[in-house]
Amino acid sequence: MGGATIKDVAAAAGVGIATVSRVLSGSGPASEATRQRVLAAAKALEYRPSALGRGLKTRSTGAIGLLVPDVTDPFCAELTAGVLACARSQGGHVVLDATGEDPDVEAELLERLAEQRVEGVIAMPAGRDPRPWQALMRLGTAVVFAGRTVPGLPSAPCVLADEAGGVRSVVEYLAGLGHRRIGFLGGRGTDGPAVREEAFRATLAALGLAVEEEFFARARPTADSAYAAAASLFQRRPDLTAVVAGGHRLGEAAVLAARELTLRVPADVSIAIVEDVPWSELCDPPLTAVAHPARDLGYRACELLLRASAGVPARSPGRPVVLATELMVRASCGPVTGSVRTGRSR
């Protein structure tokens, strides 16, 4: 048909223009029956809101900015897919960029997005300084964090995975297999690695297991640093019977280091990772992993952003949306046996 106006949609659906506007923008209440009637009428009439008109009224391009650490990272790719799916379902588009985990790069990208008058920004933040975000929010740009938060910004909506619950589930699983000396391979910098390490320590303590500093190794976000940390942990504490890697890159490093040191998995050491990725099932043996709902994180973050940019108040201001993780049990973890590793009995 083409050329239909919002008045045409209202007439076809038997509702007022204001109701059509609320339904199509997601900016206000409407019953499910009314919503479906409006959407059906808009589809039948091939109604398309004017992007130019929206931009003139709001001084916004209607685009959504998305900042992730690394576009090639499997977790970031899934999160991005979720944001794209949600944005497209609402007729929006996404401007994607990568920070490389560099707070200075992140600050520059935020300035560019502000200049482009994006509707809002979804981000896995690289830094902990709230000032660049506060400056963006003062301009009226909506901000939603996904997977991580920035301290000092309690008003910014965020969608997080249950990091503590995921780590707790894998440590309890290993303890149930008889492991008592469990190491942790962690990262540095952002709050994500810190939350995982804190949960690991707390779970060991709750189970009455030893928490020794030599059980921990930390790496920078590079493959070389992760491998060096994993190799160091295996060599420094040959009595460890299991290792939890606090990220998929760290998990890959643990597998490679174990192979180089001729450690059998799981006969000599059990390995589990936080953040399940496709290749973890292809390892020999397949890796036990904590699966994060990355795509759902992105989708829910985009939903929150669209609500915030439309002026819809958050249902629970200051409280994050927390999505459950899932322990994927595979063959890389086994019970403690009588095998001997570097002269020490397990």
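What you are looking at is a predicted structure, and each value in this text was computed from that prediction instead of being measured.
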Applying a strict under-4.5 Å side-chain criterion to I, L, V, M, F, W and Y, I'd like to know whether V159 and Y299 cluster together. no
F200: partners by ring-ring contact (aromatic ring centres under 6.0 Å, His included), with sequence neighbours left out: F184, F216
Is D239 salt-bridged to R180, going by a charged N under 4.0 Å from an acidic O? no
Looking at V121, V143, D97, T141, which hits side chain to side chain contact (heavy atoms under 4.5 Å, CB included) with L110? V121
Those residues that, when tested against E214, pass side chain to side chain contact (heavy atoms under 4.5 Å, CB included) (two or more places apart): R236, R237
Rounded distance [0.5 Å steps], CG in L185 versus CD1 in I271: 9.5 Å
For R220 against S225, the heavy-atom pair lying closest together: N-OG, 2.9 Å
Does a salt bridge link R201 with E197, judged by any charged N lying under 4.0 Å from a carboxylate O? yes
Less than 4.0 angstrom from a charged side-chain N to a carboxylate O is my criterion; do E303 and R300 meet it? yes
Nearest 0.5 Å, what's the OG1-CD distance between T222 and E101? 11.5 Å
State the CZ-OG distance between R218 and S232, to the nearest 0.5 angstrom. 11.5 Å
Go through the steps for D162 and H292 under the test side-chain hydrogen bond (donor to acceptor under 3.5 Å, both in side chains), then give the verdict. CA-CA 8 Å; D162 183 8; H292 284 58; over 6 Å; no
